[in-house]
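Please read the structure below before turning to the comments.
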Amino acid sequence: MKKWIIFGANLIMFILIFSKRDSLYAWIAGENTPSFPLMFLVVTMLAIFPVVPFGIVGGVIGAKYGVGWGSALNVATSTLAAIIVYVLAKSSLHSWGSRIIRRFTFLDQLHTMSSQRLFWTILLARIIPFFPAAAINIYAGVFHLNFRIFILATCIGKIPAMIAFAYIGHEFWNNGTRLVQVSLVYASFLLLVFIGNRIFLRHKE
């Protein structure tokens, strides 16, 4: 049921964005670029409150700023968002965070794995973008995971996805002929990571 709700919410958001595509295209193509600090703040807020899937946000940023700056902005803002949520879930919003993480069953396995290999567990969870980033951030704060290890694994683990989002957005905007190839390469990378994770879990059992 929850998956259908999430799917429906994302579909509605996609339709809304598509309906405003002309304004979005004009903003991307325009020369009046907002100040970088302002965009940094806006993207960080969108990472903290994921009302729009961050893959879409990251793609738009890549189309606007290019692959290099777009990737850097995506990684930096999503990592900062993770820090903010971690701190809040660890302190003032601990009770709220404890209730939230009960809704995500995958965190049970994540908790078992993180107790043995924290860095590699968080790194893997970040590389595979199917795990809700907000849930991982809240979980880390509620259970007081080692802050430095959590942030280091988060920052490194986000790099592949954030580069892919920026590149796909950039190629899509510029009608790039390599869009399909890049998407397939990234999908193959995720598949290999997933298979490797399954093999690792079976070997551990």
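Note: hydrogens, waters and symmetry copies are ignored here, and every other heavy atom, side chains too, is used.
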Non-neighbouring partners of Ser78 that pass side-chain hydrogen bond (donor to acceptor under 3.5 Å, both in side chains), sequence neighbours left out:
none

CG of Leu107 to CD1 of Ile136, rounded to nearest 0.5 Å, is 7.5 Å

Please tell me if the side chains of Met39 and Ile61 come closer than 4.5 Å, counting only heavy atoms from C-beta onward.
yes

Going by atom type alone, with no hydrogens or angles, which donor-acceptor pairs under 3.5 Å involve a side-chain atom of residues 140-152 and a protein atom two or more places apart or on another chain?
from, atom 1, to, atom 2, distance (Å)
Asn146, OD1, Arg148, N, 3.2
Asn146, OD1, Ile149, N, 3.0

CG (Leu41) and CG (Leu46) are apart, to the nearest 0.5 Å, by 9.5 Å

Taking side chain as C-beta onward, heavy atoms only, is Tyr65 less than 4.5 Å from Asn74?
no

Check whether any side-chain heavy atom of Leu80 lies under 4.5 Å from a side-chain heavy atom of Phe40, and answer yes or no.
yes

The side-chain hydrogen bond (donor to acceptor under 3.5 Å, both in side chains) partners of Tyr139 (sequence neighbours excluded) come to His111, Ser114

Please report the interatomic distance CG(Leu118) to CG(Leu110), rounded to the nearest 0.5 Å.
9.0 Å

Check: Ser71 side chain, Ala166 main-chain N or O, donor-acceptor pair, under 3.5 Å
no

Check the pair Met162, Phe54 against side-chain contact (heavy atoms from CB on, under 4.5 Å), reporting the backbone distance first and the verdict last.
CA-CA 9 Å; Met162 297 305 156; Phe54 201 80; 3.5 Å; yes

Any idea which heavy atoms bring Ser98 and Ile101 closest together, and the distance?
O-CG1, 3.4 Å

Which pair of heavy atoms, one from Arg126 and one from Ala153, lies closest together, and at what distance?
CG-O, 4.2 Å

Considering all heavy atoms, the nearest Ile48-Ala81 contact:
CG1-CB, 3.6 Å

For the atom pair CD1 (Ile163) and NE2 (His170), what is the distance rounded to the nearest 0.5 Å?
14.0 Å

Between CD1 of Ile168 and CD1 of Ile56, what distance do you get to the nearest 0.5 Å?
12.0 Å

With rounding to the nearest 0.5 Å, note down the distance linking OG1 in Thr154 to CD1 in Ile83.
8.5 Å

